S.K.: 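Sharing a structure here in structure tokens format.
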Amino acid sequence: MPAAVSANPRTSGVSTVLRAADYDLDATLDSGQAFRWRRAGEAWEGIVGGHWFRLRQVGTRLEAETATPLPASDTLTQYLGLNDDLTAIIARFPPDPPLRSAVATCRGLRLLRQDPWECLASFVLSSTKQIVQIRQIVETLCDRYGEPVCVPGPGAIGRSFPSAARLARCTELELRDCRMGFRARYLRAVAMRVAAGDPCLTALPGMPLEEARAALVSLPGVGRKIADCVLLFSLGFRRAFPVDVWVMRALQDLYFGGRTIAQRRLLEFTDSHFGPEAGYAQQYLFHHIRMEAGRVPRSVRR
DNA sequence: AGCCAGGCAGAGA
DNA sequence: TCTCTGCATGGC
């Protein structure tokens, strides 16, 4: 990926320009995969690999500003899924009307490749929480237990997502104080397991899907749905298909004529119907229905 | 004011 | 194997 690098006197960091054809940064960063990105005018600000970034998309140009000299140049490219061949991926979707409609609306949406620990911990916090609330909890957790990160501006400071080892040293009460309720016990237990290397998250991508999923589900507070989020959003398992309440309803409405379907049958369906890029299909469906819901007042929805 | 949120675990049938 | 319930908290 060719990148023009230039000094940026305002931030004493640097700016990079990446090519981002067939890419939708807004959809990608606002589709419930990651919880720390926040809008800053036309741009998005967040932290990847311990480095602060400000991202702005202008057409097929993706401008990335950092506060310090750039980390390895492909860090961001990997994270943002810029190298995914979206045309080939979408060509592998089953040609059904719901997916066509989702692609027509959200084309350019990508799967992120997040840090596995941050992804796992964030989704442990996600159960029966709205996305806005997950964001709040994660921010509090970072403010209190993350490591300082350079950001532009005098006296400003950012925080990394706290490591498993750091959170393993927290008491359940300290975690509860971050407003995460009953999830505190799970987060603490998961942090202790991961800090002890059981499972070793970086070893999971080399395993078969079922095996990696089983390793994640063995963690307290991690079931099929959260495991699939981690498999899909951080470990590169593109067949993983997280089914949350939204996707459940959408699948029943769009593929089963509104009838309620047993969880078992639904998983058999998603496994067989959506093919090798099932995870991408899932994310298109999820983002699509969430955008539609956003435009309709709650009172009009079912 | 009440319903529900990118669920999971344990109990009981 | 399936269904039901408790769990903390806050947006809408």
Side-chain angles (χ1 to χ4, degrees), chain A residues 27-37 102 106 109 111-112 114 116 118-141 170-191 193 213-235 237 240-253 259-268 270 274 278-302:
Chain A
T28 300
L29 297 184
D30 195 24
S31 60
Q33 302 180 61
F35 302 101
R36 296 202 66 198
W37 290 98
C106 317
L109 169 64
L111 289 174
L112 295 172
Q114 300 180 60
E118 176 171 346
C119 187
L120 171 59
S122 298
F123 277 97
V124 164
L125 298 175
S126 75
S127 67
T128 44
K129 274 293 178 197
Q130 298 181 100
I131 289 176
V132 277
Q133 293 179 50
I134 302 167
R135 286 203 160 97
Q136 288 168 4
I137 298 169
V138 167
E139 259 346 273
T140 304
L141 205 55
C170 287
T171 66
E172 187 182 327
L173 238 55
E174 286 173 326
L175 295 180
R176 258 179 201 264
D177 198 50
C178 297
R179 320 312 295 165
M180 65 183 73
F182 63 87
R183 302 158 196 82
R185 182 197 302 268
Y186 294 142
L187 181 61
R188 182 162 182 274
V190 169
R193 285 272 303 272
R213 181 184 280 141
L216 290 170
V217 168
S218 81
L219 295 165
V222 179
R224 167 73 179 240
K225 189 269 169 182
I226 291 177
D228 276 26
C229 285
V230 178
L231 293 167
L232 185 61
F233 302 148
S234 74
L235 297 172
F237 288 92
F241 195 102
V243 178
D244 72 323
V245 288
W246 287 85
V247 173
M248 168 75 86
R249 273 182 228 136
L251 290 174
Q252 289 176 350
D253 284 353
R259 287 176 294 126
T260 56
I261 301 297
Q263 184 74 15
R264 180 81 184 189
R265 276 202 59 201
L266 210 61
L267 289 180
E268 286 169 8
T270 59
F274 290 102
Y280 250 105
Q282 181 277 157
Q283 197 59 18
Y284 269 81
L285 286 175
F286 178 77
H287 190 61
H288 183 50
I289 57 184
R290 216 167 64 91
M291 291 301 98
E292 285 203 317
R295 282 191 233 97
V296 183
R298 179 180 285 276
S299 56
V300 181
R301 282 185 264 154
R302 279 184 299 129

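Every chain is numbered from 1, with letters handed out A, B, ... down the list of sequences. None of these values were measured; they are calculated from a predicted model.
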S.K.: Output the rounded distance in Å from NE2 (A:H288) to P (B:dG6).
M.R.: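 In whole Å, B:dG6 P and A:H288 NE2 are 18 Å from each other.
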S.K.: Please list, chain by chain and in numerical order, all residues satisfying side chain to side chain donor-acceptor pair (under 3.5 Å) with A:Q136, sequence neighbours excluded.
M.R.: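 For A:Q136, no residue satisfies side chain to side chain donor-acceptor pair (under 3.5 Å) once neighbours in sequence are set aside.
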S.K.: Within less than 4.0 Å of OP1 or OP2 of C:dT9, is there a side-chain N or O belonging to A:Q136?
M.R.: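 No, outside the criterion.
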S.K.: Could you measure between the two P atoms, the one in B:dC8 and the one in C:dG10, and give it in whole Å?
M.R.: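 Those two atoms are separated by 22 Å.
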S.K.: Between B:dC3 and C:dG6, how many Å separate the two P atoms, rounded to a whole number?
M.R.: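 The same atom, P, in both gives a distance of 15 Å.
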S.K.: Let me know the distance between CG of A:L187 and P of B:dC8, rounded to the nearest Å.
M.R.: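 Result: 15 Å.
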S.K.: Please confirm whether the backbone N or O of A:L112 pairs with a side-chain atom of A:Q33, one donor and one acceptor, at under 3.5 Å?
M.R.: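 Side chain of A:Q33 to backbone of A:L112, a donor-acceptor pair under 3.5 Å: yes, one is there.
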S.K.: With rounding to whole Å, what would you report as the distance between C:dA8 and B:dA11 at their P atoms?
M.R.: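 So the two P atoms sit 16 Å from each other.
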S.K.: Each nucleotide in nucleotides 1-8 of chain C should get exactly one letter: B, S or -. Can you fill that in based on protein heavy atoms under 4.0 Å?
M.R.: -S----BB
S.K.: Please report, rounded to the nearest Å, how far the P atom of B:dG6 is from the CZ atom of A:F233.
M.R.: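 A:F233 atom CZ is separated from B:dG6 atom P by 13 Å.
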S.K.: Is A:F35 touching bases, backbone alone, or none of the nucleic acid, heavy atoms closer than 4.0 Å?
M.R.: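 Nothing: the residue A:F35, judged by heavy atoms under 4.0 Å, touches no strand.
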S.K.: Please report the distance, rounded to the nearest Å, between CG in A:L112 and P in B:dG6.
M.R.: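 The answer, rounded to whole Å, is 18 Å.
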S.K.: Between A:E139 and A:F35 (side chain of the first, backbone of the second, donor and acceptor by atom type, cut-off under 3.5 Å), is there such a pair?
M.R.: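 Looks like no, no N/O pair under 3.5 Å.
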S.K.: Determine, stepwise, if the pair A:L251 / A:I261 fulfils side-chain contact (heavy atoms from CB on, under 4.5 Å).
M.R.: CA-CA 9 Å; A:L251 290 174; A:I261 301 297; over 6 Å; no
S.K.: At a heavy-atom distance below 4.0 Å, what parts of residues 220-230 of chain A sit against DNA chain B?
M.R.: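 When residues 220-230 of chain A is checked for heavy atoms under 4.0 Å from DNA chain B, the hits, listed by number, are A:P220, A:G221, A:V222, A:G223, A:R224, A:K225, A:I226.
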S.K.: Kindly say if A:R249 contacts the phosphate of B:dA5, meaning a side-chain N or O under 4.0 Å from OP1 or OP2.
M.R.: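 So the side-chain polar atoms of A:R249 do come within 4.0 Å of the phosphate oxygens OP1 or OP2 of B:dA5, strictly under.
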S.K.: Out of A:V243, A:L109, A:D244, which residue meets the side chain to side chain contact (heavy atoms under 4.5 Å, CB included) rule with A:F286?
M.R.: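 That would be A:D244.
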S.K.: Would you kindly give the CG-to-P distance between A:D177 and C:dG10, to the nearest whole Å?
M.R.: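 About 11 Å, once rounded to whole Å.
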S.K.: Between A:R188 (side chain only) and A:L175 (backbone N and O only), is there a donor and an acceptor less than 3.5 Å apart?
M.R.: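 Judged by distance alone, no pair lies under 3.5 Å.
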S.K.: Rounded to whole angstrom, note down the P distance from B:dA1 over to C:dC7.
M.R.: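 So the two P atoms sit 22 Å from each other.
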S.K.: Suppose we call a contact any N or O donor and acceptor under 3.5 Å apart; does that hold for the side chain of A:Q133 and the base of B:dG6?
M.R.: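 Counting by modelled atom types and ignoring angles, no donor-acceptor contact under 3.5 Å is found here.
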S.K.: Let me know the distance between CG of A:L141 and P of C:dT9, rounded to the nearest Å.
M.R.: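 It works out to 15 Å between those atoms.
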S.K.: P atom, B:dC4 versus C:dC4: distance in rounded Å?
M.R.: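 Between the two P atoms, the distance is 16 Å.
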S.K.: With the stacking rule set at 5.5 Å and 30°, tell me whether A:F286 counts as stacking on B:dG6.
M.R.: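 Yes, aromatic ring over the base.
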S.K.: Between atom CD1 in A:I131 and atom C1' in C:dT9, what is the gap in whole Å?
M.R.: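 Distance check: A:I131 CD1 to C:dT9 C1' gives 17 Å.
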S.K.: Name the nucleic acid region contacted by A:S122, choosing base, sugar-phosphate or nothing; use a 4.0 angstrom heavy-atom cut-off, strictly under.
M.R.: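 No contact.
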S.K.: Looking only at atom types and distance, does a side-chain atom of A:R183 sit under 3.5 Å from a main-chain N or O of A:M180, one as donor and one as acceptor?
M.R.: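 Looks like yes, one N/O pair under 3.5 Å.
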S.K.: So, does A:Y186 use its side chain to make a donor-acceptor pair with the main chain of A:V124 at under 3.5 Å?
M.R.: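 No; zero donor-acceptor contacts below 3.5 Å.
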S.K.: In whole Å, I'd like the distance from the CZ atom of A:R179 to the C1' atom of B:dA5.
M.R.: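 So the CZ-C1' distance, A:R179 to B:dA5, works out to 17 Å.
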S.K.: Given 3.5 Å as the limit, does a donor-acceptor pair link the side chain of A:D228 with the main chain of A:F241, or not?
M.R.: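 Between the backbone of A:F241 and the side chain of A:D228 there is a qualifying donor-acceptor contact (under 3.5 Å).
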S.K.: Do A:R193 and A:S218 have a side chain donor and acceptor closer than 3.5 Å?
M.R.: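 A:R193 vs A:S218: donor-acceptor pair found between side chains.
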S.K.: Scan A:L219 against the nucleic acid and name what it touches under 4.0 Å (heavy atoms): base, sugar-phosphate only, or nothing.
M.R.: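 Result for A:L219 = sugar-phosphate.
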